[in-house]
2 protein chains.
Amino acid sequence: MQRKATALDVAKRAGVSRSAVSLVLNGRGDGNVAKESQDRIRQAAADLNYSPNPIALSLRNQRTRVIGIVSDEVVVSPFDGNIIGGADDVARAHGFVTVVMDTERDASRDESAVETLLDRQVDGLMYVTVGLKPLDVPQGMLRVPSVLANCYDSSPAPRLHHVIPDEVSGGREATEHLLQLGHRDIAFLAGAATSPAVPLRIVGHREAMAKAAIPVREDRVFMAGWDINDGFHGAMGLLSATERPTAIVCANDRLAIGVALAAARLGLSVPRDLSIMGYDDESRIAATMVPALTTMALPLREMGAAAMSMLLGQIEDPARRPTSDGSGHLETMVPCRLVVRESTGPVPAL
Amino acid sequence: MQRKATALDVAKRAGVSRSAVSLVLNGRGDGNVAKESQDRIRQAAADLNYSPNPIALSLRNQRTRVIGIVSDEVVVSPFDGNIIGGADDVARAHGFVTVVMDTERDASRDESAVETLLDRQVDGLMYVTVGLKPLDVPQGMLRVPSVLANCYDSSPAPRLHHVIPDEVSGGREATEHLLQLGHRDIAFLAGAATSPAVPLRIVGHREAMAKAAIPVREDRVFMAGWDINDGFHGAMGLLSATERPTAIVCANDRLAIGVALAAARLGLSVPRDLSIMGYDDESRIAATMVPALTTMALPLREMGAAAMSMLLGQIEDPARRPTSDGSGHLETMVPCRLVVRESTGPVPAL
DNA sequence: TTGAAAGCGATACCAT
DNA sequence: ATGGTATCGCTTTCAA
């Protein structure tokens, strides 16, 4: 592997000095360097396939064009992977590179991940979580421009901008979809109590029911958990009763799988006898379920992109960083998206 | 954010020169610097919370301690995420950081991802794929130490070391597990034809059947696809026939979900009437299925760790890089791991 | 219009 | 034993 061409090589070939090369290649040639020299320099650079050494640039400019991303569990999750994908797209488009450190659900690794990244001189930081949650913001994040994606500063006076999904309207629109199909007895399997998304979605559900003037039966709304077996057991309880709901909204697509399993075991046909809604639009799951799952898609890519745009904005214009006086608008809320497939249908005739 | 301490700051505080600081902090103090000065230097470094600037180090040493990882689709996959997790663990333990670029299934982005990474002066490269596959190795990977994880050089004379799972024994052991439970009529839903893992697992299946002296019915082994609906339709065909298999091996856990759905719809109880095996041990799926899935776990973390160890070895000792004469052992095969849960059981009595 | 020189932070060689 | 100096590759200021 022969050494890459440096600015000096280009200068020699063009018969000028390094400074001239630098000026021209950075668009500040006009008025400083003779038109003719400019051409020679550009030609030489092209010949040698020159591009400046980013390491040297970083050292010189004190900016690395690297964004550090800390994630609580990307590497095992199809979810926030998409947030990172959206963020990375935006970063790449601006000539930045992302370095992600995953703490694998071990919050005690947060600080050290941030320090490692800071040590590497990242220009900005982003913290991404799989599920919506309050975050005990690592100290280091306050030292450089930073944003939060799918989580929010848990301190009394939030200091960082965050981007989160609009869970209330997500819950509301899910229920509204079912309402429009004529359902009146709708159950809501709401995930696990630890997630702040849960109460928000329930609020949305209640709003929709209230608007339709339908009372919410308390035994129809409960925390089930997040996994297939949770959905299964929740549904078995709901569906074995003499009076069973005609539709079930699940807090994620895996719960919906459990519900579908339960329905099949009980001889119920979906969506003829029972409508099922998922949440997340999990890739490789929702679209290929049998029947294909109607679900509420989380706007993960958009969230990642929005968070990164916000961050890059702060980096290039430090004035945009949130002020410590707690003023200003620190929240971006992205709407969820209803995806209608085949697991929901008209309410069965009585 | 006040500036970080530099070697010069430490030198001043200790009343010595930068060189002395460098020597001492790199363990080459003895014989060069007075014991007393050494102590003062170490003390000063601790006081100032000094650590060398990695950017400056990179420029100076021409090594960045950054490993570039190109992945074909991590960000949407719970699978190779684990490979990367395993790789990252090892890298971190050696003071390296990983930068991953995901091409999101667009092979035309391979070269540019590699170039971006190379441009950033990574010390080594790793290419990771979700499923086993031959790889058209990006040119750039030949310019620095590189390894392949879950894929292999498709060229006639492989130039890069690769780490892959032992699919043949995976297929064999899956079938053997069922054989031990007394099953004789075993179906094999084998994924999609495009994956090289498919024929390998089938070979394993046939080996196991042959060893048990059971003829393989050709209508019992076929490519179904990789998704839930594929498993469902495959199983509906298999299970609606008058003579149905007592066990089905699936090429992944999502297929197994489809099979379970079909079984439930047909009123078949698992594992009483039908045993189902998955493959992958996909997180959040296999362990929480109803019933919990017996499955063949892919050794993803181990593969990532093995690949990274290999790579770091090559970086610190270039002599270990594969020679272009095609000699040497370029393959590391990692065994799969049977995980027995509840979806498999004794063959039903006739 | 051009080139020489300083500096970003660290290491290694070479005098002293 | 110690400190001065060149070097890594680049940008920027300043003199010519």
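Below, chain A is the first sequence line, B the second, and so on; all start at residue 1. All values reported here derive from a predicted model rather than from experimental measurement. What's counted below: heavy atoms across the whole structure, side chains too, no hydrogens, waters or symmetry copies.
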[X] has an atom [atom1]; how far is it from atom [atom2] of [N], in whole Å?
{"X": "R28(B)", "N": "dA12(C)", "atom1": "CZ", "atom2": "C1'", "value": "8 Å"}
{"X": "L8(B)", "N": "dG4(D)", "atom1": "CG", "atom2": "P", "value": "11 Å"}
{"X": "E36(A)", "N": "dT1(C)", "atom1": "CD", "atom2": "P", "value": "12 Å"}
{"X": "R63(A)", "N": "dT11(D)", "atom1": "CZ", "atom2": "P", "value": "14 Å"}

Contact class for V16(B) (heavy atom, under 4.0 Å): base, sugar-phosphate, or nothing?
sugar-phosphate
So what does S58(B) touch, heavy atoms closer than 4.0 Å: a base, only the sugar-phosphate, or nothing?
nothing
Residue of the set D110(B), N150(B), T103(B), D72(B) for which side-chain hydrogen bond (donor to acceptor under 3.5 Å, both in side chains) holds with Y127(B):
D110(B)
Both G15(B) and N61(B) contact DNA chain D. Which one's nearest nucleotide lies toward the 5' end?
G15(B)
Nearest-nucleotide comparison on DNA chain D, the residue closer to the 5′ end among S19(A) and A20(B)
A20(B)
What I'd like to find out is whether the side chain of D47(A) reaches to under 4.5 Å of the side chain of R13(A), using heavy atoms alone.
yes
Any ion pair linking K4(A) and D9(A) (charged N to carboxylate O, less than 4.0 Å)?
no
R109(A)/D106(A) salt bridge by N-O under 4.0 Å criterion:
no
5'-most contact on DNA chain C (nearest-nucleotide basis), A34(A) vs A56(B), goes to A34(A)
Candidates [options] - which lies nearest the side chain of [X]:
{"X": "S22(A)", "options": "dC10(D), dG3(C), dT11(D)", "result": "dT11(D)"}
{"X": "N32(A)", "options": "dT2(C), dT11(D), dG3(C)", "result": "dT2(C)"}
{"X": "Q62(A)", "options": "dG9(C), dG9(D), dT11(C)", "result": "dG9(C)"}
{"X": "L59(B)", "options": "dT2(D), dC8(D), dT11(D)", "result": "dC8(D)"}

Got a donor-acceptor pair under 3.5 Å from the side chain of R60(A) to the base of dT12(D)?
no
